[in-house]
There are 2 protein chains.
Amino acid sequence: MANAYTSHFGINNIPYGIASSAKRPQPQAATRIGDDVIFLAELATHETFKAMETDLPALFSQPTLNAFASQSSQTHSAVRTAIQDAYNDNLHTPSSENIADVTLHLPVSIGDFTDYSASANHVLNAGEAIMGTRSFPPAFHKYPVGYAGRCSSISVSGTPITRPLGQYIEDYTASEKNIVFGASRALDYELEIGAIVGRPVEPGTFLQAKDADQHIFGLVLVNDWSARDIQGLEMNPLGPFNGKNFGTSVSPWVITHEALRAHEVPAPERMGPVASFMDDKGAVNYDIQLTGAITRGKKTTTTCKVGFETMYWTFRHMLAHHTIGGCGLRTGDLIASGTVSGEEEHEHGCLLELTKNGKKASKLSDGSELRYLADGDEVTYEAVIGDGSAGVGFGACVGVVKPASKV
Amino acid sequence: MANAYTSHFGINNIPYGIASSAKRPQPQAATRIGDDVIFLAELATHETFKAMETDLPALFSQPTLNAFASQSSQTHSAVRTAIQDAYNDNLHTPSSENIADVTLHLPVSIGDFTDYSASANHVLNAGEAIMGTRSFPPAFHKYPVGYAGRCSSISVSGTPITRPLGQYIEDYTASEKNIVFGASRALDYELEIGAIVGRPVEPGTFLQAKDADQHIFGLVLVNDWSARDIQGLEMNPLGPFNGKNFGTSVSPWVITHEALRAHEVPAPERMGPVASFMDDKGAVNYDIQLTGAITRGKKTTTTCKVGFETMYWTFRHMLAHHTIGGCGLRTGDLIASGTVSGEEEHEHGCLLELTKNGKKASKLSDGSELRYLADGDEVTYEAVIGDGSAGVGFGACVGVVKPASKV
């Protein structure tokens with residue numbers, strides 16, 4: 001167990017994912033402790049699991065986590081403890097394989113994907129990069145502003161991302177704003193965390209922010225790849241579309257709400273009054289420390305280090321706002337936070353902020369210039385609780401940029 | 001067969017839907033001719049259907065049309081002819097029930113829902129109603145501007161719509177722009193047509209506009225219910241969210257591309273040059289004539305009569321633009337046109353346009369004033385090819401407004 005990943009996948013984590021292998025070709029539910037991937041349909045045939053009323057081997061045999069995610073928090077809690085006990089009693093060996101022998105798949109079937117913009121710093125930094133002014137959209141202090149994203153192009157970490165083609169303004173500084181068609185010249189990443197909905201919320205049921213935790217199964221890392229030039233032209237007035245819908249990456253392991261709640265930290269103070277359903281005196285984020293890095297020319301440069309405690313709106317607020325109009329939430333829905341960004345330059349969670357929309361070049365450790373992503377660049381996110389000593393982390397979310405296709 | 005619906009469901013239509021009944025409780029594929037709803041898993045056991053290689057009874061037994069919609073155009077064409085032959089030979093009777101005895105369901109499972117804004121008139125009229133100026137967004141002449149909608153709240157015609165709660169600016173004319181929380185005061189409909197994707201488009205495959213028809217299974221009516229006050233506050237900068245995601249209605253019968261293509265009409269002339277993949281010399285709409293009506297106090301008022309031939313961007317353009325960045329399309333995806341609107345007041349496909357965002361009251365036939373929808377208002381859309389003599393129509397898409405819930 002002695003490797004870098006003990007700080008991510010210790011006994012206090014017990015994340016859930018979907019795995020397959022040469023021995024177990026059918027994708028199915030698994031957890032990870034250290035470098036052991038434990039196939040849960042097999043582990044759950046042990047006596048300790050049989051005491052539970054749920055047919056766990058059947059749930060864990062499915063190719064997505066949805067059926068398990070929809071279970072009650074009591075079941076989730078009992079299963080977590082039973083897995084930890086089984087591991088401590090060394091019962092897991094026959095149902096385990098080394099992480100190196102395993103393929104990981106998208107952990108849930110996602111019926112709807114919402115992407116919010118929950119970081120005050122990101123909103124201010126992005127506005128400054130594009131328009132030169134630091135200001136909030138009119139709704140920002142009342143609720144997290146969000147939009148619906150594309151489900152079909154969400155893929156698991158490791159899936160390459162092809163640079164999109166599209167139409168954009170050739171040169172914003174020119175007096176003539178020519179619109180051209182070609183490969184994006186402003187491919188960016190957005191460092192985000194996403195919540196996976198567990199217990200569904202029926203349409204017309206309103207969540208109070210303070211009660212919304214009970215519908216969060218767990219969290220994943222999200223890379224909301226963005227083509228800033230394509231997005232820039234299309235945003236007015238209906239928001240992002242082709243600038244975002246070509247690909248979204250998520251990390252393979254869902255870190256459960258149960259593992260995270262021991263690591264809650266207070267959310268930033270409110271900047272103004274909110275509606276009653278959004279009022280959450282105990283508003284919390286989690287002590288998740290994120291890093292983003294670019295590998296180019298075989299050298300890796302950390303481009304961002306930021307804490308999730310900086311987020312102005314919490315997942316509880318995001319879920320409550322989502323339901324208040326009557327919109328239901330289904331198990332497996334992905335609700336992403338938007339770019340996580342701090343105030344400092346090294347805390348900027350996307351290149352739009354870091355390079356001021358490509359206007360201010362940054363240096364990578366291979367000596368090359370960074371404005372936006374180049375073909376072949378590999379973007380890696382990692383996130384861990386605190387300093388890593390808790391043994392709870394997300395592992396990595398990785399994607400390499402492939403050159404644009406020919407039309 | 002002698003009723004108003006022979007102009008919609010004649011022998012040249014052969015639409016597909018999902019139906020159930022007391023006798024046939026399992027939702028399954030059906031078509032409609034006149035008032036006969038024909039259950040297709042049973043009809044397809046006849047010899048004429050057996051010649052086809054596809055296991056049609058298995059496809060038609062499923063609770064959605066997705067598996068059938070994904071078949072080739074050759075299969076769709078052969079099935080259509082076989083149904084027409086079986087009906088003419090009177091073979092359909094044992095597998096038929098009267099429309100009055102049947103419940104209709106959502107026809108497809110929708111993995112992603114895209115809503116475009118393809119009408120030039122709507123864009124100009126809506127801009128005038130909100131901002132007082134008639135102008136196009138920067139991208140309008142290059143491609144249809146669109147956004148991703150919410151899948152979980154799409155429901156079949158007949159499902160009531162509950163007035164949403166949300167946050168909005170209390171009074172735009174006041175100097176202080178107070179944001180309040182409550183039931184929407186500006187509930188609207190949007191009269192749209194939606195395309196259902198048949199054959200999928202693999203991610204990274206680019207459709208040329210001129211070739212995109214082959215991925216359209218058929219069309220439905222769409223009511224993109226909109227809360228203008230909630231939408232107005234949230235739109236900047238990420239587009240519509242809670243102002244739209246509380247409910248979208250679709251008509252139960254999918255009118256196939258095959259039934260419609262005999263009724264193509266030229267699309268409006270291009271107002272400027274477009275990228276090569278969007279160039280479609282033979283750009284066509286369909287001769288679909290739509291009406292929208294409000295029933296209040298037991299009296300029905302037609303609020304809109306408009307032709308689909310007015311749409312600036314066609315479904316072929318919409319599909320091509322959707323794929324150009326690399327985003328795939330899956331069978332069952334719903335791609336809606338945005339509000340269908342003409343130049344004249346009686347052609348305005350939403351109340352935002354008709355009442356100038358509630359500022360100019362219109363009269364309903366019960367004598368009451370119309371600015372936005374009142375609780376109890378029933379909105380009915382109908383659409384038919386040409387003057388109805390072709391016997392090809394969509395039937396109706398209906399929804400009644402229920403009062404907002406208490407928080």
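No hydrogens, no waters, no symmetry mates; every other heavy atom, side chains included, goes into these values. Note that the structure is a prediction, hence the values are computed from the model and not measured. Per chain, numbering begins at 1; letters A, B, ... match sequence-line order.
- In this structure, R150(B) forms no cation-pi arrangement with W225(B), as its terminal cationic atom is not both closer than 6.0 Å to the ring centre and no more than 45° off the ring axis.
- For T114(A), the part sitting under 4.5 Å from any heavy atom of chain B is the side chain, from C-beta outward, and nothing else.
- Scanning all heavy atoms of the two residues, the minimum distance from G243(A) to I230(A) falls at N-CG2, 3.6 Å.
- With chain B as the partner, the residue from G239(A), A183(A), G111(A) showing the most heavy-atom pairs under 4.5 Å is G239(A).
- Between N357(A) and Y372(A), the side chains place a donor N or O and an acceptor N or O closer than 3.5 Å (distance only, hydrogens not considered).
- For the set I110(A), V407(A), N236(A), the count of heavy-atom pairs under 4.5 angstrom toward chain B peaks at N236(A).
- Between chain B and the residues A148(A), P164(A), A404(A), the most heavy-atom pairs under 4.5 angstrom are made by A148(A).
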Exercise for review: Begin with the C-alpha distance, continue with both residues' side-chain angles, and end with the deciding distance and a verdict on side-chain contact (heavy atoms from CB on, under 4.5 Å) for I179(B) and E170(B).
Suggested key: CA-CA 6 Å; I179(B) 295 173; E170(B) 188 170 26; over 6 Å; no
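- Taking the six-membered ring where the residue is Trp, the centroids of F136(B) and H141(B) are separated by under 6.0 Å.
- No part of K402(A) comes within reach of chain B, as not one of its non-hydrogen atoms sits under 4.5 angstrom from that chain.
- Contacts between P203(A) and chain B at a heavy-atom distance below 4.5 Å are absent for every atom of the residue.
- For the set Y147(A), F241(A), F277(A), the count of heavy-atom pairs under 4.5 angstrom toward chain B peaks at F241(A).
- You'll find the side chain of T323(B) stays beyond 4.5 Å of the side chain of T205(B), heavy atoms only.
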Practice item. Could you give me the CA-CA distance, side-chain angles and deciding distance for R330(B) and N66(B), then say whether side chain to side chain donor-acceptor pair (under 3.5 Å) is met? Key: CA-CA 9 Å; R330(B) 295 181 292 188; N66(B) 293 54; over 6 Å; no
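- In this structure, no portion of I169(A) lies under 4.5 Å from any heavy atom of chain B.
- Residue contact with chain A, scored on non-hydrogen atoms closer than 4.5 Å, involves the backbone and the side chain of N245(B) alike.
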**Study point:** Step-by-step side-chain contact (heavy atoms from CB on, under 4.5 Å) determination, L165(B) to F206(A)
**Key:** CA-CA 10 Å; L165(B) 298 167; F206(A) 308 122; 3.6 Å; yes
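- Between chain B and the options G146(A), P137(A), S276(A), G326(A), the largest number of non-hydrogen pairs under 4.5 Å is found for G146(A).
- Of the listed residues (S153(A), G247(A), P240(A)), the greatest number of heavy-atom pairs within a distance under 4.5 Å of chain B belongs to P240(A).
- Among Q208(B), R163(B), K177(B), K142(B), the residue making the largest number of heavy-atom pairs under 4.5 Å with chain A is K142(B).
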